[in-house]
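Report on the following structure.
For the single chain, residues carry numbers from 1 onward in sequence order. One-based numbering, in listed order, for ligands and for the atoms of each.
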Amino acid sequence: MPVTTIIGTQWGDEGKGKCVDAAAADADAVVRFQGGNNAGHTLVVDGEKTVLHLIPSGALYDGVDCYLARGTVLNPETFLEEVEALRDRGVDMAGRLFVSQNTPLIMPWHIEMDAARESGEGAIGTTKKGIGPTYEQFVARQAILAGDLRRPDDAIAKIEMFYGERLASLRANWNGEGDPPFATVDQAVERFRRRHEQVYTRLVPFISDVETELRERIRAGDHIVMEGAQGTYLDVGMGTYPFVTSSHTTAAGACTGAGVAPRAIDRVIGVCKAYTTRVGDGPFPTELPVDSGVGRHLQDVGNEYGATTGRPRRCGWLDLPMLTEAVDINGCDEVVITKLDVLSGLDEIKLAVDHADGEPVYETFEGWQNDITDVRDTEELPENARRYLEFIAQRLAPFDCTIGQVSVGPGRRQIFEY
Ligand code: GDP
Ligand code: IMO
Ligand code: MG
């Protein structure tokens with residue numbers, strides 16, 4: 001299928017990076033269309049682990065072009081560090097990594113604002129990467145865009161015009177002791193000039209008209225993977241508001257975020273863990289305590305610690321009504337079930353099949369004890385694992401959706417067709 005969108009169906013960290021890396025083997029290009037370096041996408045190839053925050057998960061294939069479209073927000077320092085870290089490991093992104101001229105830039109005051117808010121009563125457990133405040137300034141039509149770095153005087157004019165308003169807001173959100181440490185307008189301009197000379201100029205060669213090029217490539221029949229970040233229930237519109245990120249993480253976001261038409265998308269794949277995790281605050285109906293028992297098992301065996309902030313992830317059972325709603329919202333043709341191997345060794349496995357009075361209603365399945373990380377065929381799975389998957393597949397069927405693949409380990413090859 002020429003254009004495939006891959007998104008998370010839960011609260012992020014479903015294994016999207018791994019699935020995109022697997023799909024990129026047959027792709028010409030991979031596109032990030034929303035979010036920023038709040039994402040942490042893990043690829044494991046020949047036992048070597050790579051965590052990407054900003055660069056698309058097609059990076060490890062020499063022949064795959066990588067795009068950051070205008071729906072993303074970009075921290076120039078993080079971006080350049082990631083490019084350099086890849087280069088140090090022999091992965092050269094030169095000539096195959098492109099940043100949209102319309103991508104809003106994360107500036108120091110956005111990160112300061114994120115931290116200031118997170119230290120107050122309205123905290124929601126963000127990654128403190130400045131994501132929300134950057135999208136806010138963009139929606140206010142005041143953002144500094146990547147393309148402005150080609151004409152630094154334009155960016156400086158914007159800082160002179162708009163930073164005063166941000167500064168007032170920063171001061172209003174300051175919860176620390178003593179004088180707020182924020183830059184004045186003059187200092188912010190000076191800081192920008194310095195960073196422009198030292199850092200931002202190095203971003204300029206990557207900047208191009210990404211959206212026009214993508215539409216041309218789609219028309220030419222190129223195989224393109226749209227790589228979602230975060231997950232459906234972190235979508236600013238459809239998620240568990242206000243405990244969400246500030247972008248459209250659902251499949252529709254690929255269109256607005258990359259400037260392509262809905263009809264250009266041929267297939268949508270939803271990535272779903274065989275259980276559920278969440279980082280940050282907010283509701284989580286099937287959550288389990290992680291100090292002992294199954295919650296501890298999921299966190300330990302699943303190594304459920306954030307790829308971006310290192311925070312322990314909250315863990316719980318898979319929630320089917322939430323999954324089918326996500327499938328419906330995103331129009332998923334297929335779901336990839338990841339981390340099935342993490343359930344090995346449990347005596348019984350619960351699956352939320354309904355919600356009553358806000359509480360999950362569970363169906364209980366017998367577990368399996370065998371290690372399944374070397375399984376590459378559904379028929380080789382323990383019978384109890386197949387029963388669990390079959391139950392999920394039956395619930396997806398009314399939505400014209402199937403289980404497409406099953407992942408049984410972090411490695412690139414630990415995935416097979418269901
Ligand atoms: P993403 O944000 O959706 O790309 O997911 P993350 O990379 O943040 O988190 C998923 C974690 O699970 C990473 O450490 C992956 O290497 C790992 N992973 C992915 N698929 C599997 C799987 O099938 N089994 C196991 N055990 N680990 C997996
Ligand atoms: P990937 O792409 C899991 C969560 C944060 C917080 C909320 C808002 O790796 O799946 P933000 O910094 O975006 O303003 O934080 O969203 N969050 C994620 N949780 N995986 C992610 O990305 C996340 N990106 C943001 O923990 O609850
Ligand atoms: Mg992640």
Side-chain angles (χ1 to χ4, degrees), residues 6-22 32 34-45 47-54 56-57 72-73 106 110-111 113-115 117-118 123-136 227-236 239-247 249 270-284 298 300-314 336-344 371-373 375 405-416:
I6 299 184
I7 48 85
T9 59
Q10 297 165 308
W11 281 292
D13 304 325
E14 298 91 347
K16 298 175 296 294
K18 181 202 157 136
C19 295
V20 170
D21 172 69
R32 276 281 308 269
Q34 48 70 229
N37 59 317
N38 48 349
H41 295 180
T42 313
L43 322 182
V44 179
V45 180
E48 198 183 347
K49 180 166 147 176
T50 308
V51 181
L52 298 170
H53 299 288
L54 215 38
S57 296
T72 59
V73 286
I106 300 179
H110 296 129
I111 299 170
M113 175 73 97
D114 205 349
R117 289 204 182 120
E118 283 297 301
I124 61 155
T126 73
T127 60
K128 298 192 193 161
K129 302 293 182 191
I131 306 298
T134 306
Y135 278 115
E136 234 173 274
E227 175 179 9
Q230 292 82 51
T232 299
Y233 293 101
L234 288 171
D235 183 285
V236 66
T240 47
Y241 192 89
F243 301 96
V244 293
T245 190
S246 297
S247 66
T249 61
V271 186
C272 178
K273 256 180 213 177
Y275 50 98
T276 308
T277 62
R278 174 165 206 170
V279 218
D281 305 336
F284 183 170
L298 296 175
D300 279 351
V301 180
N303 192 23
E304 295 299 352
Y305 297 88
T308 297
T309 57
R311 290 178 291 175
R313 295 175 183 148
R314 299 157 65 193
V336 183
I337 301 290
T338 61
K339 304 190 93 160
L340 186 67
D341 54 300
V342 175
L343 298 182
S344 298
D371 178 345
I372 59 169
T373 53
V375 169
Q405 290 174 297
V406 178
S407 171
V408 289
R412 184 182 265 175
R413 291 183 217 295
Q414 290 175 299
I415 188 163
F416 56 89

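- What you find for Phe243 and Leu234 is that their closest heavy atoms are O-CD2, 3.8 Å.
- Nearest protein heavy-atom neighbour of atom 10 (C) of ligand 1: Asp13 O, 3.8 Å.
- Counting only protein N, O or S atoms, the number found under 2.8 Å from the Mg ion (ligand 3) is 2.
- Close contacts of ligand 1 with His41, meaning ligand atoms under 4.0 Å from a residue heavy atom, involve 1 (P), 2 (O), 4 (O), 7 (O).
- Side-chain contact annotation: Thr240 with Arg278, donor-acceptor N/O pair under 3.5 Å present.
- The ligand atoms of ligand 1 that sit less than 4.0 angstrom from a heavy atom of Val408 are 23 (O), 24 (N).
- The nearest pair of heavy atoms linking Val244 to Asp235 is CG1-O, 3.4 Å.
- For the residue pair Gln230 / Thr249, no side-chain donor-acceptor distance below 3.5 Å is found, with atom types taken as modelled.
- Residue, atom and distance of the protein heavy atom nearest to atom 15 (C) of ligand 1 are Thr42 CB, 3.9 Å.
- Closest to atom 6 (P) of ligand 1 among all protein heavy atoms lies Gly40 O, 3.5 Å.
- A salt bridge links Glu136 to Arg117: one of the charged nitrogens lies within less than 4.0 Å of a carboxylate oxygen.
- Counting only non-hydrogen atoms, the option in Gly8, Gly17, Gly15, Ser407 that gets closest to atom 5 (O) of ligand 1 is Gly15.
- One finds no salt bridge joining Arg412 and Glu48 here, because no Lys/Arg side-chain nitrogen approaches an Asp/Glu carboxylate oxygen to under 4.0 Å.
- When Gln405, Lys339, His53, Lys18 are checked for heavy-atom proximity to atom 11 (C) of ligand 1, Lys339 turns out nearest.
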Under 3.5 Å, N/O to N/O: give me all the pairs between ligand 2 and the protein, one per line with atom names and distance.
from, atom 1, to, atom 2, distance (Å)
ligand 2, 2 (O), His41, NE2, 2.7
ligand 2, 2 (O), Gln230, N, 2.8
ligand 2, 9 (O), Asp13, OD1, 3.0
ligand 2, 9 (O), Gly40, N, 2.9
ligand 2, 9 (O), Gly40, O, 3.1
ligand 2, 10 (O), Asp13, N, 2.8
ligand 2, 10 (O), Asp13, OD1, 3.4
ligand 2, 10 (O), Lys16, NZ, 2.7
ligand 2, 12 (O), Thr127, N, 2.9
ligand 2, 12 (O), Thr127, OG1, 2.6
ligand 2, 13 (O), Asn38, ND2, 2.9
ligand 2, 13 (O), Thr245, OG1, 2.6
ligand 2, 20 (N), Asp13, OD1, 3.1
ligand 2, 20 (N), Asp13, OD2, 3.4
ligand 2, 24 (N), Gln230, NE2, 3.2
ligand 2, 26 (O), Gly125, O, 3.4
ligand 2, 26 (O), Val279, O, 3.1
ligand 2, 26 (O), Arg311, NH2, 2.9
ligand 2, 27 (O), Gly125, O, 3.4
ligand 2, 27 (O), Val279, O, 3.1

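- In this structure, Gly409 counts as a contact residue of ligand 1, since one of its heavy atoms falls inside 4.0 Å of the ligand.
- Under 4.0 Å from ligand 1, the heavy atoms of Arg313 that appear belong solely to its side chain.
- The closest approach between a heavy atom of Asp341 and any atom of ligand 1 is below 4.0 Å.
- In terms of heavy atoms, Cys19 sits closest to Val336 at SG-CG1, 3.8 Å.
- Glu14 and Thr338 are not linked by any side-chain donor-acceptor pair at a separation below 3.5 angstrom, with hydrogens and angles left out of the test.
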